[in-house]
Each structure stands twice: as structure tokens, then as C-alpha cells.
*Asks:* 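Quick one: the structure is below, and I'll ask about it shortly.
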Amino acid sequence: MVTNILINEISLNIKKIIMELNLPSIKFTVEPTRSNFGYIMCNVSFLLVKYLHKKPFEIAQLIAKKYQKFLNDLIIKIEPHPTGYLNFFINDSKLNELILKKSCSINYGKTNIGNGANINIEHTSINPNKPIHIGHVRNIIIGDTIARLLKKINYNVNVLNYVDDSGLQVADLIVGFKCLGFNKNPKNSRFDVYCGNVVYIKTTEKYKNDPNLLKIRQNILQELERKQSSTTKFANEITKKILNKQLETCWRLNSSYDCLNFESQIIHSGLWKSVFNKLQEMKLIYYEQKGKNAGCWIVKTRIGNHKNDKIIIRSDGTATYIAKDITYALWKLGIIKDPFNYKKYIMQHDGKILLETTLDDKYSNNVKFSTRKTITVIDSRQSYLQNIISELVKKFDQQIIYTHLKYEAIKLSQDTAKELGLVYENKPIQMSGRKGTYIIADYFLDMLKYNILQKAKKRYNNLDMGTLSKLAENLAVSTLRYEMIKIDLSKMIVFDFKESLDVDGNTALYIQYAYARASRILEKAKIKPSFDVEYELLDNQYEHELIKIIGEYEICICDAAINLAPKIIATYCYKLATLFNSFYEHNTVLNLKNTQLTNARLCLVNSFIFTLQSALSLLGMKATTLL
RNA sequence: GGGUCAGUAGCUCAGCAUGGAUAGAGUGUUGGACUUCUAAUCCAAUGGUCGUGGGAUCGAAGCCCUCCUGACCCA
């Protein structure tokens, strides 16, 4: 809390000055400077122009004069700049000491914005009929990173993963296994890959020529709604087998969950019926008597055109997707009574137990996942649906915060699509499970790992394959996570296989490299870094800039968490690494004649390591000392 | 027909919430730096009518409106 404290102090004093001048309270910003204009800047002079009718510079001079009395031994100078900015200068030695000491504490960066409140975040939620592909990865990584961020600002976070084990896509698989004779125990192939690449695609292709199959699928869908049917049991067996494979991929990506919500159980619990009654009572849905939607129940919505009100129950009595989505949303928000008990599904890679919902009474229900705040990570193609849900749940309780965290989907570049022998168009193509136009996450990771391994082998011919392989795996996962998170959520990612294997420039490898270099210095130093050093010795621009960015860690976390913008952390890591590499190239730490300087710089290197490690862990990346 | 998102350097992207200092990175191209704590690095050069046109403002890449292009969604 170093830079934060300075900012708060300055803000407060400027507010006092504004009051002294009998001016209305205004919103101004106090931020760390970006360029070489002191340490902290304030823009208040610009905002006062319309009240004082003077030039910004004159106002800055006035405020600077009035600020003199607030200066102390930490904030030592205020300087009005001809452009109008107010620049604040800090006692370097004291600042260095404060930041370097603070950054080595275990809780560095931890703040209490969440105040221990519960929050749900749902992500991953992949249909259990195929392997996880690169498009799903964006969802997983965004969701997992946000969960880590929210924990850091002291929310009690529960991560949910919704498994649609009774929808169309699962029914398609059952059709394949039951009617088309696909082997349930394929040899030489991962089960999720086999189901997604072979059974699912082949089955859906057959529908064109065999309409009878569609009728069978319809029957299967209805059977899936019955808890005790043999189809339900069979589907359960298949989907769990796929789900387990998918979870392995998630864990490989360093993501984990608190609870699985199976759609089948939401259906079997009968929750939908009570939700339907409630919606009816509250007059949020209506029965259409005439027109093309005659016989349907419709959701009223103010979104878009009124003509586009959403059907929730078809005229044949079956519920549409939105019915299940609304039910799930209301459960997440605790608006309907929780009918579930919870049992252990599996132990995860990080030692966290993954629970699943169950309707079986012999398990307890003393876990509670519903809360007033919930975040749903789904790509922006679902915006329309999510907006309707958000609008609906607000009608139940104004205090609810239902956030759709949306991001643009990933497409395949034309080159990659061509290489895969997929339909070739002169533009990027959408990933589609049905068309098989996707890149399996594990396959891509394997390629990336292989690539990194080749380079690592040349670098370290003395290391054994086991160590190298572990290193390459860690770096491959880091790289993929970083690539997914550094781009703004609103930007479409066009995935190109060849480009993605490139690891130069702004990549996880660059950041990991800086970390490894720093670790190496500490390793080779004969003394351990201590805080009993002469802080004023750290006075060149490289040292200043590195210390400054370390001091901004908390601001960065708050910024990222409040805006649900994980890329801010990625940018921060990159900047931290850049400034360290620059420091490294221009300053020697070890073997200096001046041992006091070595001590001070060791202390800085140590702080850098702590801060970067912490920031990387927010991104789900394990910092490596070897590279 | 209705809605959402995007458009900034050759390419990929920051910056936009909360207007203010010389619009920043990576990559590409060109040059330079390993006898040194790791060169998967660093330093320098190159490269921009911030999609178009208007508006409000002392001041716009950012705010408001128009249009164009592309992606997606609903019907």
C-alpha cells in the first residue's frame, strides 16, 4: 500500500485546498506519472478552469503555493508544470525503503475491496461431447484468472462449472452409440477426442440422409428428462467419461473448480416448474393466443425489438434453452430454494475438492453456493440471451448483481484452416464442433511444448529429459495462458497455428526469462538480501523505474479486478519484466567493489522476484527459476 | 428489420471507463552490443490524415451525432 497511500494523502490535501478556495467539490485524478514528471501527478488545475477562469498553469501555481504547508519528509516537492499538471516529488531514499520492504511481504497486493463477500463465477461450461478446443481455452483462462483476482481482493469466490449433460449435443452422441454402432471403448484414442471427432461428427452428418434418426434423437431427448430411464444412465456414463477427460485438460491449464452443476439434475429436481409458476405469477411471461407463436409461452423483454420476444415454452410444451438458463441463474442467485445436496466428485490437481450437486438425501447440504453476486463467463454471441436473463433476475431483486462477462470468440486463420484441410475461405472461420473446425487444446499444447523443448535442449545440454520436459510443459501452459489473457476481451482472436508457436516479444517466455535471470543473481550472491541497506544508493533511472512499477502493484490489481479486465495484470507483468531486463543490462549487481551497492541492488532484485511471482500467480502461471 | 462489438504504424495489439504533457509496445526491416549476474536479452534507427464527416469544449484517439467497413446475435 505504498503508492496508494501517497495518492490518498495528496487527494485529501487537494480537496482541502479546494474547500479553502470555496470551490465546489470536483472529481479529479491523482495517478502515478507515466513519464519523467515527478512521481505522482494531478489534473485538478484543468478541471478548475471553468470556475476560476484562469489558465491551467496559473491555477497549478496557485494550488502548488497552497500545498506547501502539506509537504513533509516523504512528499517533498510540488511543481506546477506549464501545461497545467501538478507534479509531486517524493524523497527517493524513503520511497525506496517503503516499497522494497512492503513488496516482500506475503500479502503484497492483497486488498479488501471484496470484504469477504460471497461471489460466484461460472466458467468453462463445455458440452460434454467433445474434447476442449482452443476456443474453450479462452473461456477457461479468463474465468480462472478473474477468480484468482477476486480472491486477491478478498472475495469469497466459488467457481461453478455447468455441465449440459442432457442437451442436443449429448443426444447426438447417444444416437451414434446406440444406432450407428460406434464402439464404446475405442482403442488408441482418447475418449473425448473420439467422441468429438468421430462419433459426434459422423452422427450429425447422417441426419441429412436419414430423417428417422432425428426422430430417434427426439425420443432420446425426452428420455433424458426422466431420472430413472436407461438412456439417462447410459448418457451419464458417457458424459462423465468425457467430462473427466475435459477436466484433465482444465487442470493442465491450471484451472480448478468448486462445484459441478449437471443440467440433468436441475431438470430432475423439478426446479423449472416452480420457476415457471413464479414467472407466471410475476407476469414476466405471457401465453400467446395468436400469430406464428400461438400456443407458446413468451418472455417479455425490453431488449431490442418487441417483435423479438423470446419463446420460453414451445407450443408442444417443451422448454427452450432459456428456461434452463433462467432456472440456473435463479439458483445461483439464491432466489429459489436450493434442492441439492453436495458430494465429492473428485480431488483436483491442486488439492482442492470438486463437489457435485446430487438429489440423493444421504449427502449433506451444508455447503452454500448461491449468492447475490454472480459472474457468468460466456462469449459475446450469447449476449442477447444473457441480457434477457439479467433483465429478468433483476425483477426478482433489485440488489442482485448478475454480470455477463463477455468476450469475443476465437476464429481460425485461413492458413490454419487450410492446413487442417478444413473448408477454405478467404477469411478466418468460426470454430464449430459440428463441422469439426477446431484445434484441440491438448494437441496445441503438445506442439508448443515440443517447440520449446527443442530450444531448451540446445540451451541446457547438461539437464536430463525429465527436468527439461517439465520445464517445457510449464512454459507451454504459461505461454497459452498469457496469449489468451493479454488481448482485450472485446477483441476477436484469430488463431494461427504457426504464429502461436512463436515465442519472441511480448510473451510469457520473455517474462519468465526475466524472472529466471533475477533468480540467478540471488542464487549466485554470497549474501542474502536484507532490508538493512543504504536505500539512497538506488538512484539511477533504471532502479527508479523498476522500484516505481513494483510500488504500483496494488493499483494494478484493483484496476484489473474492478473492471474485470485481466489483461491489466498481463500488461503489468510485461512492464515489470521489461524494466527489469533493462535494469539488468545496465547495472551490475554482483562483484561490485561497493558492497553496499550490491546489498541495495540485491534487495531490489529480491523485491522484483516477489512481485513478479505474485503477479504471475494471479495469471495462473508458475514462475520458473530455470530458463 | 432490430441489437451488440470492433476499426490506432506493413502486421498483431496498448491507450478510451475518468478528455489534458511528445499517441506507446511487440513484430517486421536496418544497424550496434556476449572475455561479464543467463544474448530466449539489451540499445538505436525506421514506421501514424487514431475508418469518414460533423458537433460541443480553452483542449479529442477518447465524449455526442452521421456515415463506411468487418464480425456476431435476434427475428
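Note that these values count all heavy atoms, side chains included, but never hydrogens, waters or copies made by symmetry. To find a chain, count down the sequence lines: A is the first, B the second, and so on, and within it residues start at 1.
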*Asks:* Considering every strand and a 4.0 Å limit on heavy-atom distances, what is the contact class for A:K55: base, sugar-phosphate, or nothing?
*Replies:*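 If one applies the 4.0 Å heavy-atom cut-off, A:K55 turns out to touch nothing in the nucleic acid.
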*Asks:* Nearest whole angstrom, please: distance from the P of B:G15 to the CG of A:D559.
*Replies:*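 After rounding, the reported distance stands at 10 Å.
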*Asks:* A:A456 near the nucleic acid: base, sugar-phosphate alone, or nothing, with a heavy-atom cut-off under 4.0 Å?
*Replies:*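 Base contact.
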*Asks:* Could you summarise the pairing of RNA chain B as dot-bracket text, marking Watson-Crick and G-U pairs under 3.5 Å with ( ) or [ ] inside the strand and | across strands?
*Replies:* (((((((..((((......[...))))((((((.......))))))....(.(((..]....))).)))))))).
*Asks:* So, does A:K427 get its side chain near the phosphate of B:G70, meaning an N or O under 4.0 Å from OP1 or OP2?
*Replies:*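 For A:K427, the contact criterion (side-chain N or O under 4.0 Å from OP1 or OP2 of B:G70) is not met.
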*Asks:* If you assign A:N43 and A:I487 each to the RNA chain B nucleotide with the nearest heavy atom, which residue ends up on the more 5' nucleotide?
*Replies:*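 Its nucleotide being nearer the 5' end, the pick is A:I487.
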*Asks:* Between B:U57 and B:C67, how far apart are the two C1' atoms, rounded to whole Å?
*Replies:*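 Going atom to atom, C1' in each nucleotide, I get 23 Å.
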*Asks:* Which part of the nucleic acid does A:S490 contact within heavy-atom distance under 4.0 Å: base, sugar-phosphate only, or nothing?
*Replies:*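 Here A:S490 touches the backbone only, sparing every base.
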*Asks:* Mind telling me if B:C34 is syn or anti? Syn here is a glycosidic angle within 90° of 0.
*Replies:*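 Syn conformation for B:C34.
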*Asks:* Atom CD1 of A:I298 to atom C1' of B:A75: distance rounded to whole Å?
*Replies:*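 The answer, rounded to whole Å, is 12 Å.
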*Asks:* May I ask you to say what A:Q430 touches in the nucleic acid, namely base, sugar-phosphate or nothing, with a heavy-atom cut-off under 4.0 Å?
*Replies:*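 The residue A:Q430 makes sugar-phosphate contact but no base contact.
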*Asks:* For the pair made of CG in A:D379 and P in B:C73, what is the distance, rounded to whole Å?
*Replies:*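 Checked: the CG to P distance equals 9 Å.
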*Asks:* How close or far is atom P of B:U4 from atom CD of A:E391, stated in whole angstroms?
*Replies:*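 After rounding, the gap between these two atoms is 14 Å.
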*Asks:* Counting heavy atoms from C-beta on, name the nucleotide in B:A40, B:C5, B:A17 closest to the side chain of A:K406.
*Replies:*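 Given the options B:A40, B:C5, B:A17, the side chain of A:K406 is closest to B:C5.
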*Asks:* Among pairs that include at least one residue of residues 567-588 of chain A, which meet salt bridge (Lys or Arg N to Asp or Glu O under 4.0 Å), considering only residues two or more places apart or in two chains?
*Replies:*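 Of all non-adjacent pairs touching residues 567-588 of chain A, those that pass salt bridge (Lys or Arg N to Asp or Glu O under 4.0 Å) are A:D488-A:K567, A:R517-A:E585.
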*Asks:* Please determine whether a side-chain nitrogen or oxygen atom of A:K458 lies at a distance below 4.0 Å from atom OP1 or OP2 of B:A40.
*Replies:*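 Negative; the distance criterion is not met.
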*Asks:* Please work out which residues in residues 569-583 of chain A have a non-hydrogen atom less than 4.0 Å from an atom of RNA chain B and list them by number.
*Replies:*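 Nucleic-acid contacts, sorted: A:Y574, A:N581, A:S582.
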*Asks:* Kindly confirm or rule out a cation-pi arrangement of A:K548 over A:Y39, judged by NZ or CZ under 6.0 Å from the six-membered ring centre and within 45° of its axis?
*Replies:*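 Yes - A:K548 lies over the ring of A:Y39, closer than 6.0 Å to its centre and within 45° of its axis.
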*Asks:* Please pick, from B:C37, B:A17, B:A21, the nucleotide with the shortest atom-to-atom distance to any side-chain atom of A:K524.
*Replies:*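 Of the options given, the side chain of A:K524 lies nearest B:C37.
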*Asks:* Base, sugar-phosphate or nothing for A:D496? Non-hydrogen atoms, less than 4.0 Å.
*Replies:*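 Here A:D496 touches no strand at all.
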*Asks:* Please work out if A:K486 contacts a base, only the sugar-phosphate, or nothing of the nucleic acid, heavy-atom cut-off 4.0 Å.
*Replies:*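 Nothing: the residue A:K486, judged by heavy atoms under 4.0 Å, touches no strand.
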*Asks:* Can you figure out which of B:A39, B:A40, B:C58 approaches the side chain of A:L627 most closely?
*Replies:*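 Among B:A39, B:A40, B:C58, the one nearest the side chain of A:L627 is B:A40.
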*Asks:* Just checking, A:K486 and A:Y482: is the charged tip under 6.0 Å from the six-membered ring centre and within 45° of the axis?
*Replies:*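 Not flagged: A:K486 not positioned over aromatic ring of A:Y482.
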*Asks:* Please determine if a side-chain N or O atom of A:Y513 lies less than 4.0 Å away from the OP1 or OP2 oxygen of B:A40.
*Replies:*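 Yes, such a contact exists.
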*Asks:* Looking across every strand, which nucleic acid part, if any, lies under 4.0 Å from A:N451 by heavy atom: base, sugar-phosphate, or nothing?
*Replies:*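 A:N451: no heavy atom of the nucleic acid under 4.0 Å.
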*Asks:* Between A:L47 and A:N563, name the one whose nearest nucleotide on RNA chain B is closer to the 5' end.
*Replies:*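 Checking each residue's closest nucleotide, the 5'-ward one belongs to A:N563.
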*Asks:* Evaluate whether the aromatic ring of A:F37 and the six-membered ring of the B:A21 base sit under 5.5 Å apart, centre to centre, with an inclination under 30°.
*Replies:*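 It does: the two rings, one from A:F37 and one from B:A21, meet the stacking criterion.
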*Asks:* For residues 500-508 of chain A, which residues have at least one heavy atom under 4.0 Å from RNA chain B?
*Replies:*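 Result for residues 500-508 of chain A: A:G505, A:N506, sorted by number.
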*Asks:* What is the distance from CG of A:L412 to C1' of B:A71, rounded to the nearest Å?
*Replies:*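 Atom CG in A:L412 sits about 15 Å away from atom C1' in B:A71.
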*Asks:* Considering only side-chain heavy atoms of A:K411, which listed nucleotide, B:C72, B:A40, B:A21, is closest?
*Replies:*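 Taking heavy atoms from C-beta onward, the closest nucleotide is B:C72.
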*Asks:* Where the side chain of A:T29 is defined as all heavy atoms beyond and including C-beta, which of B:C73, B:U18, B:A14 is the nearest nucleotide?
*Replies:*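 It is B:U18.
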*Asks:* Give every donor-acceptor pair under 3.5 Å between a side-chain atom in residues 450-457 of chain A and any protein atom, sequence neighbours left out.
*Replies:*
residue: A:N451; atom: ND2; partner: A:L501; partner atom: O; Å: 3.4

*Asks:* Starting at CG of A:L564 and ending at C1' of B:A17, how long is that distance when rounded to a whole Å?
*Replies:*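 A:L564 atom CG is separated from B:A17 atom C1' by 13 Å.
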*Asks:* Just compare B:A21, B:C58, B:C74 and give me whichever is closest to any side-chain atom of A:V49.
*Replies:*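 For A:V49, the side-chain atoms sit closest to B:C58.
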*Asks:* Hey, does A:K50 reach any base, or is it just sugar-phosphate, or nothing, if we go heavy atoms under 4.0 Å?
*Replies:*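 Nothing: the residue A:K50, judged by heavy atoms under 4.0 Å, touches no strand.
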*Asks:* Which part of the nucleic acid does A:D488 contact within heavy-atom distance under 4.0 Å: base, sugar-phosphate only, or nothing?
*Replies:*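 A:D488: backbone/sugar contact only, no base atoms under 4.0 Å.
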*Asks:* Who are the ring-ring contact (aromatic ring centres under 6.0 Å, His included) partners of A:F37, not counting sequence neighbours?
*Replies:*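 Applying ring-ring contact (aromatic ring centres under 6.0 Å, His included) to A:F37 gives A:H81.
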*Asks:* Measure CD1/A:I521 against P/B:C37 and give the value in whole Å, please.
*Replies:*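 Atom CD1 in A:I521 sits about 10 Å away from atom P in B:C37.
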*Asks:* Is A:S519 touching bases, backbone alone, or none of the nucleic acid, heavy atoms closer than 4.0 Å?
*Replies:*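 The answer is nothing, as A:S519 stays clear of every strand by at least 4.0 Å.
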*Asks:* Rounded off to whole Å, could you give me the OH-to-P distance for the A:Y510 and B:C13 pair?
*Replies:*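 These atoms are roughly 21 Å apart.
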*Asks:* At under 4.0 Å between heavy atoms, what does A:A516 touch on the DNA or RNA strands: base, sugar-phosphate, or nothing?
*Replies:*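 Base, at least one base atom sits under 4.0 Å.
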*Asks:* At 4.0 Å (heavy atoms only), tell me whether A:R381 reaches a base, stays on the sugar-phosphate, or touches nothing.
*Replies:*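 A:R381: backbone/sugar contact only, no base atoms under 4.0 Å.
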*Asks:* Please determine if a side-chain N or O atom of A:R601 lies less than 4.0 Å away from the OP1 or OP2 oxygen of B:C37.
*Replies:*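 Looking at the OP1 and OP2 atoms of B:C37, neither is under 4.0 Å from any side-chain N or O of A:R601.
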